[in-house]
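These notes are about the structure you will find just below.
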Protein chains: 2
Amino acid sequence: MASGNFCAKDNLNMSKPPTRIQKKNRSAILSAGLDVFSQFGFRGATLDQIAEAAGLSKPNLLYYFPSKEEIHQQLLSGLLHTWLDPLRTMKADGDPIQEILAYARRKLDLSRDYPRESRLFANEVLQGAPRLGESFPDLKSLVDEKAAVIQGWAKVGKIAEIDPHHLIFLIWAQTQHYADFDVQVRAVLECDDPYPQAATFMEHMLRRTLAP
Amino acid sequence: MASGNFCAKDNLNMSKPPTRIQKKNRSAILSAGLDVFSQFGFRGATLDQIAEAAGLSKPNLLYYFPSKEEIHQQLLSGLLHTWLDPLRTMKADGDPIQEILAYARRKLDLSRDYPRESRLFANEVLQGAPRLGESFPDLKSLVDEKAAVIQGWAKVGKIAEIDPHHLIFLIWAQTQHYADFDVQVRAVLECDDPYPQAATFMEHMLRRTLAP
DNA sequence: CGTTGCTTTGACCAGTTGGTCAAATCAAGA
DNA sequence: TCTTGATTTGACCAACTGGTCAAAGCAACG
């Protein structure tokens, strides 16, 4: 968003359309950065690790991104938006139970399909969200808005009277758990794909929790 | 020099009872290490940070612990036991709903009272639990045992038919969320202490999920 | 008082870190 | 083909990393 274009290398600024090589290498670096940052956090990750994972030399990597910070920032910037998208599509005029169930389902799919992004986010929040704190007001306003919708449903008796914020936290917690604590889940279940059972369980739990 | 003892410093090995100073400094170091490791993970934490947080010089810190690894290991060693203790005290011959509710409650208290420990654990698991993986078999057997108890309750109709493993995951996820994602929870709620509401919500959710 | 052994520290070390730079290489259009 | 600009790299740097060591300080006990 609003790339102020500080890029040190003049030949790489976004005034011209990116070449094929630029596209390929930039995305390779971002994917490698996602791998490494999501596992070790910002401070624990090293440029050498990222460069090797991307199949580039370190100076070459720094040719495409001006700094470690910039790679990380780039990864974070789109993250919160993607992460909140399922919540955003929850509509006040739909069937309450179905809307909430669908939201939880979409969030669980996100955990299954983008576990690295989930862990990157978890790492960032664990460290106190120093590079994400600016986005928290937006987060809060969206959550407050949807919490009001849920509370509206509760007021007219369509769902049980519950604390809507903590319901959202419940869905966040449960869905992200399967991505962030993947190794633990797999160690306990000894199962290739816990997601089908997780989806069934979550639906059962939500239906009962929400029933008027 | 080439002593078979693990501890590099001979005067610090545990053959003698620790002095007052040793006790004080060792615990100061462990507390500081908990602060730093829980925020930045093993790789992201530095000895300088820990030493400063403990109010000691780096060489002095290394006088009490032979390495960074050892401090971390010391912190992890007791962790899993403490963490699983609430689950361990869940008794098959109690009232099912009350037993599960009490377990969840104890786990939530742990998140409230020991958030650093929760985050240390989260950081470790996020990184693939490289220094914890050995303990996972014990974890699995305890969880399997308790899952069998829960399933027994379900079989005789005392609680609803649910997947016991995912019920345990649900409790883990929800309780740890309040410790690990503390900054996010506070940013959304703008509230000093989310735990009373969290406890009420969790009880509501569990009662409805478990009702036969 | 002096001795003894615990405690603390400044100086130091080798390896790693994020990052720079000039020079070399490569790709593609004229 | 040659030229031009994009791409890649080896050598390098200052700051930081985990860790060592000898020497200095300190407490307590006889």
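All chains are named by letter (A, B, ...) in the order of the sequence lines, taking the proteins before the strands, and each is independently numbered beginning at 1. Predicted model only: the values in this text are computed from it and were never measured.
No side-chain donor-acceptor contact under 3.5 Å links Lys107(A) to the backbone of Ile171(A). Side-chain N or O atoms of Glu70(A) include none that pairs as donor or acceptor with a backbone N or O of Ser67(A) at under 3.5 Å.
We find the CG-CD distance between Asp182(B) and Gln184(B) to be 10.5 Å, quoted to the nearest 0.5 Å. Atom CG of Leu34(A) is separated from atom OH of Tyr114(A) by 11.0 Å, given to the nearest 0.5 angstrom. To the nearest 0.5 Å, the span separating CD1 on Ile29(B) from OH on Tyr63(B) amounts to 11.0 Å.
Atom CD1 of Ile21(A) is separated from atom C1' of dC26(C) by 8 Å (rounded to the nearest Å). If you take CD of Glu70(B) and C1' of dT20(D), they are 18 Å apart, rounded to a whole angstrom. Atom pair Tyr64(B):OH and dT9(C):C1' shows a separation of 12 Å (rounding to whole Å applied). What separates CD1 of Ile50(A) from C1' of dG19(C) is a distance of 13 Å, to the nearest Å. In this structure, Arg26(B) places its CZ atom 14 Å from C1' of dT7(C), rounding to the nearest Å.
Between Phe37(B) and His72(B), the ring planes are perpendicular. Angles over 60° get that label, and only those under 30° would be called parallel. Using bins of under 30°, 30° to 60° and over 60° for the plane-to-plane angle, the ring pair Trp172(B)/Phe169(B) lands in the tilted bin.
Listed by chain and number, the residues in a side chain to side chain contact (heavy atoms under 4.5 Å, CB included) with Ser31(A) are Arg116(A) (sequence neighbours excluded).
Between Gln22(B) and the phosphate of dT7(C), there is a side-chain N or O to OP1/OP2 separation shorter than 4.0 Å. The side chain of Tyr63(A) contributes no N or O atom lying less than 4.0 Å from OP1 or OP2 of dT20(C). In this structure, Asn60(A) does not reach the dT7(D) phosphate: none of its side-chain N or O atoms is under 4.0 Å from OP1 or OP2. For the pair Arg20(A) and dA28(C), the criterion of a side-chain N or O lying under 4.0 Å from OP1 or OP2 is met. Side-chain N/O atoms of Asn25(B) include none lying less than 4.0 angstrom from OP1 or OP2 on dC6(C).
Overall bending of the helix from dC1(C)-dG30(D) to dA30(C)-dT1(D), expressed as the angle between end axes built from five pairs apiece, is 0° (10° steps).
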### Per-nucleotide protein contact string for nucleotides 10-18 of chain D, where B marks a base within reach and S marks sugar-phosphate only (heavy atoms under 4.0 Å, - for neither)
BB-----SB
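Classification of Asp85(A) and Arg88(A) as a salt-bridged pair holds, one side-chain N sitting under 4.0 Å from a carboxylate O.
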